Number of protein chains: 2
Amino acid sequence: MSDTPRDRLNRLHQVLRERICLLDYPPGTRLSEEALAAEFGTSRTPLRRALARLEDEGLVSSVHGVGTLVTDVDIGEMTRTYEFRRELAGLVGRLTPAPITPDIIAQARHFEQCATQLRHAPDAREFARLNMEFFHFGTSLTENEALRDTSERLYYKTARIWLKSIPRMDLSAEVAIFADEIRDIRAALESGDTMGAALIRQAHISMCFARLHAQA
Amino acid sequence: MSDTPRDRLNRLHQVLRERICLLDYPPGTRLSEEALAAEFGTSRTPLRRALARLEDEGLVSSVHGVGTLVTDVDIGEMTRTYEFRRELAGLVGRLTPAPITPDIIAQARHFEQCATQLRHAPDAREFARLNMEFFHFGTSLTENEALRDTSERLYYKTARIWLKSIPRMDLSAEVAIFADEIRDIRAALESGDTMGAALIRQAHISMCFARLHAQA
DNA sequence: AATGGACCAGTTGTACACAAATTTGCCCCC
DNA sequence: GGGGGCAAATTTGTGTACAACTGGTCCATT
């Protein structure tokens with residue numbers, strides 16, 4: 001396969017985004033363009049393009065003469081973003097839902113297995129990663145590109161706040177809830193009910209935020 | 001006021017976006033980085049950052065060795081984007097609606113005046129510009145930043161398709177419908193009903209797309 | 001005449017050097 | 001001892017030269 005400049009940009013962007021959202025770079029971290037460029041074996045120019053995209057997405061903030069800082073979301077904006085995400089989750093079931101293929105069912109079952117394993121060995125980071133993958137699976141249930149892109153964009157904006165609060169919460173309980181959500185969604189999809197699956201997700205986003213808010 | 005690099009970037013981005021959406025650069029136009037840089041009295045570097053943002057928003061597409069081309073949206077994606085926009089318009093009334101200040105009422109009345117003037121001298125380009133400004137006004141009725149940003153992003157993605165279809169439609173009739181919409185929304189806001197205003201917008205987005213689809 | 005290849009003009013992508021801006025630490029002065 | 005200011009170090013922003021790539025043209029060959 002060819003490796004176009006765009007592919008390289010997307011990889012850079014994806015890697016940095018994941019590091020930010022998994023708190024490898026906690027809020028307030030100062031990212032060095034030069035150091036990152038050296039790490040990825042490139043010059044500052046392509047790296048800056050990836051950082052520019054992250055800045056447009058609100059994950060970092062570059063200030064002339066100071067540095068590129070990983071942002072922190074204030075509680076008010078996060079609340080409103082979560083409300084928005086909740087509504088978007090419902091739309092996934094209503095706007096051009098994707099046909100439920102055997103592959104989708106297989107993926108759902110795979111996630112159910114992973115969640116079961118996670119219950120036996122809870123781990124915050126692995127939990128976050130699985131949550132991220134399952135979110136992508138959820139957005140793939142609609143064929144509406146704009147809805148998908150928007151949902152993912154907002155997910156990555158709130159993901160790290162969630163992971164940041166995990167230490168103050170009951171990890172085992174959260175994993176159990178997550179496993180139940182996956183099981184219910186798998187069941188809904190097996191009966192051909194995309195709308196039902198979307199409503200379950202919507203409910204869980206709402207409740208997840210409520211638990212999060214109770215800790216803050 | 002100071003003129004930070006970010007201000008310059010935002011201006012560049014805004015100007016180019018407006019040119020694309022008002023069809024000064026119709027779909028397929030090849031933009032020259034060097035020519036634009038010369039026009040704005042800067043080098044390619046800052047200009048490329050603005051183009052990169054436009055590319056992330058889906059308004060242009062840069063191809064190595066070929067050029068930066070203004071994109072054209074296919075009918076299927078536009079349909080789905082319009083459906084999404086319709087739902088977002090409804091959310092403006094439900095998610096943290098902004099308090100209705102006298103300033104908002106004044107703005108609404110101003111738009112009503114502008115629309116009345118436009119009825120006496122219909123002009124496609126001026127229509128498009130007023131429509132754009134009124135859209136921004138509409139998103140300002142919610143305090144949910146994410147909803148506002150998303151709505152605007154999607155508006156600009158579909159705006160030029162609408163303007164492109166105007167020549168095949170009855171301009172006077174469209175202006176009249178627009179003027180009625182503004183009047184109804186102004187009335188709803190004067191009676192303190194943000195939700196009502198949002199529902200009117202939702203209805204008009206839906207009907208606008210239906211008329212658009214009938215022409216295609 | 002058709003076809004293949006090499007060259008050429010033009011464009012975006014990358015690297016690097018330098019400018020602009022901010023922070024920090026130090027020194028000097030009061 | 002404290003405060004102001006200056007300069008150096010560090011960082012992002014900008015300009016520019018060059019590399020990589022594409023599309024078209026022209027010419028040679030079959």
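Predicted model, so just to flag it, every value in this text is computed and none were measured. We name chains A, B, ... by the order of the sequence lines, and we start the count at 1 in each one.
Look at CG on A/L12: it is 14 Å from P on C/dG13, rounded to the nearest Å. One interatomic measurement links the two molecules: CZ of A/R49 to P of D/dG13, which rounds to 16 Å at whole-angstrom precision. The distance from atom CZ of B/R30 to atom C1' of C/dA9 is 11 Å, rounded to the nearest whole Å. Here C/dT11 presents its P atom at 14 Å from CG of B/L47, a figure rounded to the nearest Å. Atom-to-atom, CD of B/E34 to C1' of C/dT12 comes out at 11 Å; the value is rounded to the nearest Å. Rounded to a whole Å, the CG atom of B/L51 is 14 Å from the P atom of C/dT11. Atom CG of A/L9 is separated from atom P of C/dT12 by 16 Å (rounded to the nearest Å). As rounded to whole Å, 10 Å separates atom P of D/dT14 from atom CG of B/D3.
Not counting sequence neighbours, the partners of A/T68 by the side chain to side chain donor-acceptor pair (under 3.5 Å) test are A/S62.
With respect to the salt-bridge test (charged N to carboxylate O, under 4.0 angstrom), the residues B/E34 and B/R44 do not qualify. By the 4.0 Å N-to-carboxylate-O rule, B/R11 lies close enough to B/D3 to be salt-bridged with it. No salt bridge links B/E57 with B/K157; every basic N to acidic carboxylate O contact stays at or beyond 4.0 Å.
In this pair, B/H136 and B/Y156 present their aromatic rings tilted. The plane angle is within the 30 to 60° band.
For B/S62, no side-chain nitrogen or oxygen approaches OP1 or OP2 of C/dT11 to under 4.0 Å.
Residue B/R186 forms a side-chain hydrogen bond (donor to acceptor under 3.5 Å, both in side chains) with just one option from B/Q107, B/E181, B/E112, and that option is B/E112.
Rounding to the nearest 0.5 Å places CD1 of B/I166 at 12.5 Å from CD1 of B/I161.
Using a 4.0 Å heavy-atom criterion, one finds that B/E33 contacts the sugar-phosphate atoms exclusively. At the heavy-atom level, B/L31 lies under 4.0 Å from the strands shown only through sugar-phosphate atoms.
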Protein within reach of the bases, or only the backbone? For nucleotides 14-24 of chain C, mark each nucleotide 5' to 3' as B, S or -, using heavy atoms under 4.0 Å. BBB---BBB--
